[in-house]
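Read through the structure below, which is laid out as structure tokens, and then see the notes.
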2 protein chains.
Amino acid sequence: MAAKRSGARSKRSQGMSVRLQSVQESRGEPPLSRERIVATAVELLDTRGVDGLTMRRLADRLGSGVMSLYWHVDNKEDVFDLALDSVLEYRGPPQTVESQDWRGEVVHMLEDWRASMLRHPWSASLLPRRALGPNILGRLELLSKTLSKAGVADADLNVAIWSLWNYVMGATVTRASFDLSDDDRAAAQQRLTHLSERYPTIERSRLLLDDDWSGAFRRGLDFLLDGLAPKQ
Amino acid sequence: MAAKRSGARSKRSQGMSVRLQSVQESRGEPPLSRERIVATAVELLDTRGVDGLTMRRLADRLGSGVMSLYWHVDNKEDVFDLALDSVLEYRGPPQTVESQDWRGEVVHMLEDWRASMLRHPWSASLLPRRALGPNILGRLELLSKTLSKAGVADADLNVAIWSLWNYVMGATVTRASFDLSDDDRAAAQQRLTHLSERYPTIERSRLLLDDDWSGAFRRGLDFLLDGLAPKQ
DNA sequence: ACCTGAACACCGTTCAAGT
DNA sequence: ACCTGAACACCGTTCAAGT
């Protein structure tokens with residue numbers, strides 16, 4: 001089921017003479033390519049959400065026929081996978097070379113992870129059901145290495161990584177969904193105050209109103225890291 | 001946008017005489033109702049996954065016309081919300097009355113939460129983008145009460161709850177997605193061993209092969225609870 | 001109060017074909 | 001090697017109507 005996806009397009013640039021703009025939409029758009037498709041898919045997802053990505057709409061934006069996409073891409077699922085991974089590239093920690101501060105490094109990595117996903121809210125709800133692309137694996141690898149160097153026992157390593165992963169995924173996915181629907185949130189809150197006799201505790205603590213998401217993320221992460229930290 | 005959804009169907013039982021089975025499909029199915037629709041939607045989701053739920057298919061299984069559903073239900077999103085919440089009922093802890101063991105209670109609640117969602121894997125990927133129904137709020141309320149009684153400071157309470165929520169959501173969503181696609185998993189693993197020079201650490205620790213999910217969930221939860229536990 | 005079919009404006013993808 | 005339109009088998013939902 002792979003077969004195509006070779007890459008290495010034919011060079012299509014035989015002198016940018018004023019040829020009669022072939023089939024390519026008026027402005028002389030660059031030819032189709034995996035990268036252009038993915039980039040445009042991300043744009044579309046950013047502006048219209050998960051349900052807004054349509055093969056037809058995508059082709060439209062690219063100035064091509066729908067079926068042309070299928071030369072470069074297996075199917076719609078493939079587009080999702082590629083868009084997702086493309087959004088999760090990690091540029092590495094700031095220029096503090098080999099800091100001794102493993103905890104700071106981990107916090108930075110995970111905050112960046114969260115931030116990257118929140119910049120593209122659709123990614124949060126997509127990630128859990130898609131395959132792990134190279135950028136995701138890269139992040140896991142780096143996290144793994146950092147924890148290992150910090151002294152987390154080999155026997156605890158996988159649990160530690162999954163715990164952090166779970167925490168980040170849960171936090172991001174939740175945050176992204178609340179973000180999408182201020183309406184829902186208001187509705188939930190209203191339902192809640194209205195039913196405050198059924199949910200007195202979370203009503204009193206204003207659980208659903210608390211909107212310092214970043215602060216809560218950071219503080220919860222500290223709790224988790226407290227638990228994970230190698231006992232000396 | 002509410003308007004209908006009243007409930008209180010007309011009594012339709014005027015003596016189960018052998019009337020000529022009206023339009024209702026041959027076997028004399030019970031009339032449509034919110035509950036029947038939701039129950040059937042859950043069945044459908046269980047057997048065919050998120051993409052398998054279709055208003056037409058749903059109506060088919062219920063032996064009714066598609067548009068009849070719209071009397072009882074706002075739209076497809078509504079069906080998702082209802083199905084999701086219906087699957088998350090909490091029956092409460094086992095019959096240990098008012099145990100002093102808050103930690104045990106919390107672990108039980110969260111393991112049950114995870115188990116409920118894994119019994120219906122679609123729920124995991126759905127929950128983050130849907131509204132919070134009464135059963136979800138109920139679980140949050142109970143969790144909140146337990147932590148509060150255990151001595152978690154008010155100022156830490158919301159962070160504690162969200163941390164646990166995040167952890168459970170992340171773990172469940174991840175587990176469910178791996179479950180869905182053994183293929184993907186095998187593929188990922190193969191890609192990984194093949195690229196072991198790029199991801200040496202996670203390759204060595206066999207991060208993606210570790211399949212004691214329940215154990216990892218429990219141990220990671222312990223880490224988090226260690227961090228959360230009120231310091232005495 | 002409850003149910004219906006026809007119709008509309010969409011989908012993703014197969015296929016056979018063009019250059 | 002790359003792109004295409006027509007066609008197929010679907011979708012969710014509006015509407016005007018039936019009982």
Side-chain angles (χ1 to χ4, degrees), chain A residues 1-14 19-25 28-37 41 44-45 48-83, chain B residues 1-14 19-25 28-37 41 44-45 48-83:
Chain A
M1 54 167 68
K4 3 179 173 168
R5 74 164 57 180
S6 45
R9 304 189 303 286
S10 65
K11 42 201 122 110
R12 212 181 172 292
S13 52
Q14 53 249 107
R19 292 157 79 257
L20 54 134
Q21 306 184 319
S22 73
V23 193
Q24 218 77 246
E25 191 68 4
E29 314 223 27
L32 273 185
S33 69
R34 218 154 215 268
E35 298 79 48
R36 271 191 78 221
I37 292 177
L44 209 40
L45 285 163
R48 330 249 327 212
V50 179
D51 291 336
L53 179 60
T54 274
M55 295 304 272
R56 291 168 203 263
R57 205 126 62 186
L58 187 51
D60 236 49
R61 281 219 187 189
L62 289 161
S64 77
V66 204
M67 294 319 296
S68 312
L69 303 179
Y70 285 81
W71 178 262
H72 305 271
V73 138
D74 284 351
N75 47 38
K76 194 182 177 181
E77 300 240 299
D78 200 18
V79 177
F80 275 133
D81 287 344
L82 293 167
Chain B
M1 53 166 69
K4 4 178 173 170
R5 76 165 57 184
S6 45
R9 302 189 303 286
S10 65
K11 40 203 125 108
R12 212 182 172 291
S13 51
Q14 52 248 107
R19 291 159 78 261
L20 55 133
Q21 308 184 319
S22 72
V23 193
Q24 217 81 242
E25 191 67 4
E29 314 223 27
L32 274 185
S33 70
R34 220 152 212 267
E35 299 78 46
R36 269 191 80 220
I37 292 177
L44 208 42
L45 285 163
R48 330 247 328 210
V50 179
D51 292 335
L53 179 60
T54 276
M55 295 304 271
R56 290 169 203 263
R57 204 126 61 188
L58 187 51
D60 237 48
R61 282 220 187 187
L62 289 161
S64 77
V66 204
M67 293 319 296
S68 311
L69 304 180
Y70 285 81
W71 178 261
H72 304 270
V73 138
D74 283 350
N75 48 37
K76 194 182 177 181
E77 301 240 300
D78 199 18
V79 176
F80 275 133
D81 286 346
L82 294 167

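In what follows, every chain begins at residue 1, and chains take the letters A, B, ... in the order their sequences are listed.
In this structure, B:S33 contributes its side chain and B:R36 its backbone to a donor-acceptor pair below 3.5 Å.
Residue B:T54 is in sugar-phosphate contact alone, with no base atom involved, counting any heavy-atom pair closer than 4.0 Å across all strands shown.
Atom CG of A:D74 is separated from atom NZ of A:K76 by 15.0 Å, given to the nearest 0.5 angstrom. Between the CD1 atom in B:I37 and the CG atom in B:L82 there is a gap of 9.0 Å [rounded to 0.5 Å]. With rounding to the nearest 0.5 Å, the separation of CG in A:L53 from CG in A:L44 is 5.5 Å. In this structure, B:R61 CZ and B:T54 OG1 are separated by 11.5 Å, a value rounded to the nearest 0.5 Å. How far CG of B:L32 is from OG of B:S68: 6.0 Å, rounded to the nearest 0.5 Å.
For DNA chain C, runs of at least 3 consecutive pairs of the Watson-Crick or G-U wobble type, with both hydrogen-bonding distances under 3.5 angstrom, map to C:4-8 with D:12-16, C:12-16 with D:4-8.
The two atoms that bring A:L69 and A:S64 nearest to each other are CD2-OG, 4.2 Å, heavy atoms only.
Residue A:R34 contributes atom CZ, which lies 16 Å from atom C1' of D:dA1 at whole-angstrom precision. Rounded to a whole Å, the CG atom of A:L69 is 10 Å from the C1' atom of D:dC3. Look at CG on A:L58: it is 12 Å from P on C:dC11, rounded to the nearest Å. Nucleotide D:dC2 holds its C1' atom 11 Å from the CD1 atom of A:I37, rounded to whole Å. With rounding to whole Å, B:R48 atom CZ is found 11 Å from D:dC10 atom P. Atom-to-atom, CG of B:D60 to C1' of C:dC3 comes out at 16 Å; the value is rounded to the nearest Å. If you take CG of A:L53 and C1' of C:dC10, they are 15 Å apart, rounded to a whole angstrom. What separates CG of B:D51 from C1' of D:dC10 is a distance of 13 Å, to the nearest Å.
D:dA17 and C:dC2 have their C1' atoms separated by 13 Å, with the value rounded to a whole Å. With C1' as the reference atom, D:dC3 and C:dC15 are 14 Å apart, rounded to whole Å.
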Protein-nucleotides 13-17 of chain D N/O pairs under 3.5 Å:
{"from": "D:dT13", "atom 1": "OP2", "to": "B:Y70", "atom 2": "OH", "distance (Å)": "2.6"}
{"from": "D:dT13", "atom 1": "OP2", "to": "B:K76", "atom 2": "N", "distance (Å)": "3.1"}

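Put simply, the side chain of B:R48 reaches to within 4.5 Å of the side chain of B:R57, judged on heavy atoms.
Under a 4.0 Å N-O distance rule, the pair B:R34/B:D78 qualifies as a salt bridge.
Here A:H72 does not reach the OP1 or OP2 of D:dA1: none of its side-chain N or O atoms lies under 4.0 Å away.
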